[in-house]
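Step one of this worksheet: look at the structure below.
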Amino acid sequence: MDKRGSRRKRATRAERAKRAEADGRNPPSRFWRWIKRLFLWGAVAAVLGAVFLAIAVGFAARSLPSYYQLKATQNAQTIVVRARDGTEIVELGPSYGKWLSSDEIPQVMKDAMISVEDRRFYSHPGVDPYGLTRAVYVWATGQNRLGATSTITQQLARNVFLNSNRTIDRKLREAVLAMALEWKFSKEQILELYLNKVYFGGGAYGIDSASRKFFSHPASELSVAEAAIIAGLVKAPSRYSPTADVDAAVGRASVVLRLMREQGRITADEARVDVSAVNLKEEVGQNSVRYFTDWALPQLDLLLPETFEPIEVWTTLDVGMQRAATAAVQANVPEGTQGALVSLDRDGAILALVGGTDYVETNYNRATNALRQPGSSWKLFVYLAALEAGYTPDDRVVDTPVKIGDWSPRNSNGRNIGETDLRTSFAYSVNTVAAQLGNEVGFGSVASMARRFGITTPINTYPAMVLGSNEVRLIDMTRAFAAISAKGASVEPYGIVKVTTADGEKLYEHKQARSSQLVPDHVAAGITDLLQAAVQTGTGRAAQIGRPVAGKTGTTSSNKDGYFVGFSSGITTGVWMGRDDNRRVGGLQGGRAPAQAFSAYMRYAVKDRPVEEFDTDLKLPDWQIEEDDEYFFGDPEDYYYIDEQGNLIEPGRQPAGPEGQLPFPVEGEGMPQQQPQMQPQPRPQPTDPTRPPLREQPATGRGADGAPQAIGDDFLDRATGRNQPRQQSDRPRQ
């Protein structure tokens, strides 16, 4: 049956061919038959595609928000940052300006945007078939890559509903949404939505926000040249922004004017307008302010509940001080190096913060993030530990060669001055004395003191740590010195005073952190005495400002880091300078460029503050006053003591010795005929026993009045544990 059917078909085709030949016509070829079939099936597919597209567009149009909902939609949060006096210093996030209706938008602005972005806006249904066909042809002929063909309606759909991914799926959805927008809204409504929502750079969304940002007036007052500048921004806001590159903005605006002239939207005279003569809004902000905002604003995540409404952040930053700090760093930093500065008020409020010489060039915040060695400014913690252990600024110490394990520190000048006092050794940053002090009080005690004063970075306890080998953050070191300025009370840096909504509703207000006393008053007074001497007569003389200043310099090995941290009139400021790659900087010393930058800034910072003298009066505790040692330990009859055989003798009992007498006189009794004397023992030295002691020890046996002492100082030292050498487990840095 199949064979017969096949033969009939062939016979039928043959008969048709014979009839065509008899009529003088050529029989149709197989090629044309396939063309007819493709055309037929293509037409069917096109009809089905059109039906499906219409259904998709219809469903999309039904799901679109209303026109008024689209007007009210904002895509992100606006944050206005204010200085301590309320002035606006920076606006972050999107700014939408005032919504302008279609009637309020200047016609020249509409013409400029249509000319450069979508010349057939009023004739296409959301997607431009002609533009799409032309782009495909250019791509197919190899003249150029397949370029973007987005209409104004497509851009609106992408900005409101989609992202900017360059995928086929996104482009198809964009096209469907664009046609849905054209189906649901009029051309004027679409253009109004677009001009009020499109991004123009610098956080400005909409023509009114852009006009106010770049020209300081509403968009309703735009001129031809200004409209051309704004229309030219859409293609690449960051590249053509007039605040970033005036020449690029003028060049792009000239292209817009040419297109407007070619399309007959402006006259030839209007096209010749001088765009370069447009008055641009002067940038009043400082790029260094961004170092501060980069540090402060992330704290909002902890301070506020989640919110997307516009907010205003009131900060501690002083605009004048910030400008002075930036100028001081830039004017004094050695060529090829970076600098940073942190300035705190007495309550911890950050008055100025500079994280580098230029935020645009590099936004890395060296004031709050960089870990660098502080050099001799770290000796603050060494001497604090020594003062707490009983030293005073007037105590005599010995500058002599020192060897602690395998480590032998040297002074920067390579010399030793011999006997001196604690004040002088600190003022001139004598390394050998600092090493001896750290070894005597214990390197762990120095580390503990640094922790107490707010150092948050890891601290090793190798002997070299006393010279500042640990890496720290500048803000932490400044905080530690601020605690000394506060007479030993803790200080917590902060930068946000309050946060409000745009309507003034208060969302957060700073509460002063509870302060704790980190060291006794006499220790704070003693270290202030030493810090003041360092500026008056020592290595920090370049930091003088004509009023009392206390501070400390710091210079690391090979001049890789320069430090100066100090305070005056309630303001504490820290300055660091160095290279990001940690290479040597010739001539960089803490007592030079950093101290000079400190002086330049502080002269401005304290100019409106009263002069404050430092409290350096040492009111020592009773246990530290040697003349009162006997009184402090009570009546001699209450003393326990050891007889010659090593037995503990309780108060009021006679020793078992042959004489039956006490080894010291009791009030009201005569002197014993034979009084065994306790031989004074030298205080153990934790380093080389052949070198002289760090400070001279008082003799025992007789008091200041010449009378015999009840008990020797050596016995009291051993009884209180003050003469016990610390178990050093620290190894020297290799």
Side-chain angles (χ1 to χ4, degrees), residues 81-84 291-304 313-318 321-322 325 340-355 365-371 374 377-378 380-381 384 447-459 470-499 506-521 523-524 527-528 531 550-552 563 565-576 605-606 609 612:
V81 183
R82 299 189 180 278
R84 65 187 303 160
Y291 288 116
F292 172 78
T293 57
D294 286 354
W295 172 80
L297 295 185
Q299 300 170 26
L300 294 176
D301 294 337
L302 301 176
L303 302 178
L304 298 180
V313 181
W314 301 71
T315 70
T316 60
L317 199 72
D318 185 289
M321 292 185 187
Q322 180 71 17
L341 182 149
V342 177
S343 185
L344 304 179
D345 208 341
R346 63 176 80 246
D347 65 341
I350 293 184
L351 303 173
L353 190 150
V354 179
N365 198 330
R366 298 157 187 84
T368 60
N369 297 335
L371 299 179
S377 60
W378 179 269
L380 170 78
F381 308 118
L384 276 171
S448 177
M449 184 65 70
R451 280 274 180 261
R452 198 188 308 176
F453 274 79
I455 300 301
T456 58
T457 49
I459 303 175
N470 289 292
E471 293 181 332
V472 297
R473 296 182 179 90
L474 177 61
I475 191 171
D476 287 347
M477 285 295 291
T478 309
R479 173 189 182 182
F481 277 75
I484 301 301
S485 175
K487 299 182 180 180
S490 62
V491 173
E492 184 73 29
Y494 71 98
I496 298 177
V497 178
K498 66 178 180 179
V499 181
K506 189 176 296 183
L507 302 177
Y508 165 81
E509 186 171 17
H510 173 76
K511 295 181 179 179
Q512 191 65 35
R514 179 179 298 178
S515 180
S516 59
Q517 193 69 23
L518 303 178
V519 290
D521 292 340
V523 174
I527 197 66
T528 303
L531 291 168
K552 186 70 183 75
Y563 246 87
V565 191
F567 52 87
S568 178
S569 298
I571 297 179
T572 304
T573 301
V575 180
W576 166 87
V606 302
R609 298 197 175 201
E612 296 181 14

Exercise: identify the closest heavy-atom pair between A325 and V354
CB-CG2, 3.8 Å
Which residues pass the side-chain contact (heavy atoms from CB on, under 4.5 Å) test with D521, sequence neighbours left out?
Q517
S490 (side chain) donor-acceptor with S516 (main chain) under 3.5 angstrom:
yes
Heavy-atom closest pair (S568 atom, V606 atom, distance to 0.1 Å) is O-CG1, 3.8 Å
Judged by atom type as modelled, is there a donor-acceptor pair below 3.5 Å linking the side chain of T572 to the main-chain atoms of G566?
no
On a heavy-atom basis, the closest approach of H510 and Y508 is CA-OH, 3.4 Å
Kindly say whether L317 contributes a backbone atom to a donor-acceptor pair with the side chain of R84 at under 3.5 angstrom?
no
L344 vs F481, side-chain contact (heavy atoms from CB on, under 4.5 Å): CA-CA, chis, key distance, verdict
CA-CA 10 Å; L344 304 179; F481 277 75; over 6 Å; no
Report yes or no: does T316 contribute a side-chain atom to a donor-acceptor pair with the main-chain N or O of I350 at less than 3.5 Å?
yes
Looking only at heavy atoms, what is the nearest atom pair of A483 and L518, with distance?
CB-CD1, 3.9 Å
Sort and list the pairs that fulfil side chain to side chain donor-acceptor pair (under 3.5 Å) and have at least one residue in residues 343-354, not counting sequence neighbours.
S343-T573, S343-Y601, D345-R609, R346-E612, D347-Y494
Test item: D318 side-chain N/O and L351 main-chain N/O as donor-acceptor pair under 3.5 Å:
no
Do V519 and M449 touch side chain to side chain, with heavy atoms closer than 4.5 Å?
yes
Report the C-alpha separation of T293 and V313 in whole Å, then their side-chain angles, then the decisive distance to 0.1 Å, and conclude whether the side-chain contact (heavy atoms from CB on, under 4.5 Å) test is met.
CA-CA 10 Å; T293 57; V313 181; over 6 Å; no
Using the six-membered ring wherever Trp is involved, compare the ring planes of W378 and F381 and label them parallel, tilted or perpendicular (cut-offs 30° and 60°).
perpendicular
If you round to the nearest 0.5 Å, how far is CG of L380 from CZ of F453?
7.0 Å
Looking only at heavy atoms, what is the nearest atom pair of A524 and G488, with distance?
CB-N, 3.8 Å
Shortest non-hydrogen contact from A296 to I496?
O-CD1, 3.5 Å
Please, which pairs that meet salt bridge (Lys or Arg N to Asp or Glu O under 4.0 Å) have at least one residue in residues 473-495, sequence neighbours excluded?
R479-E492
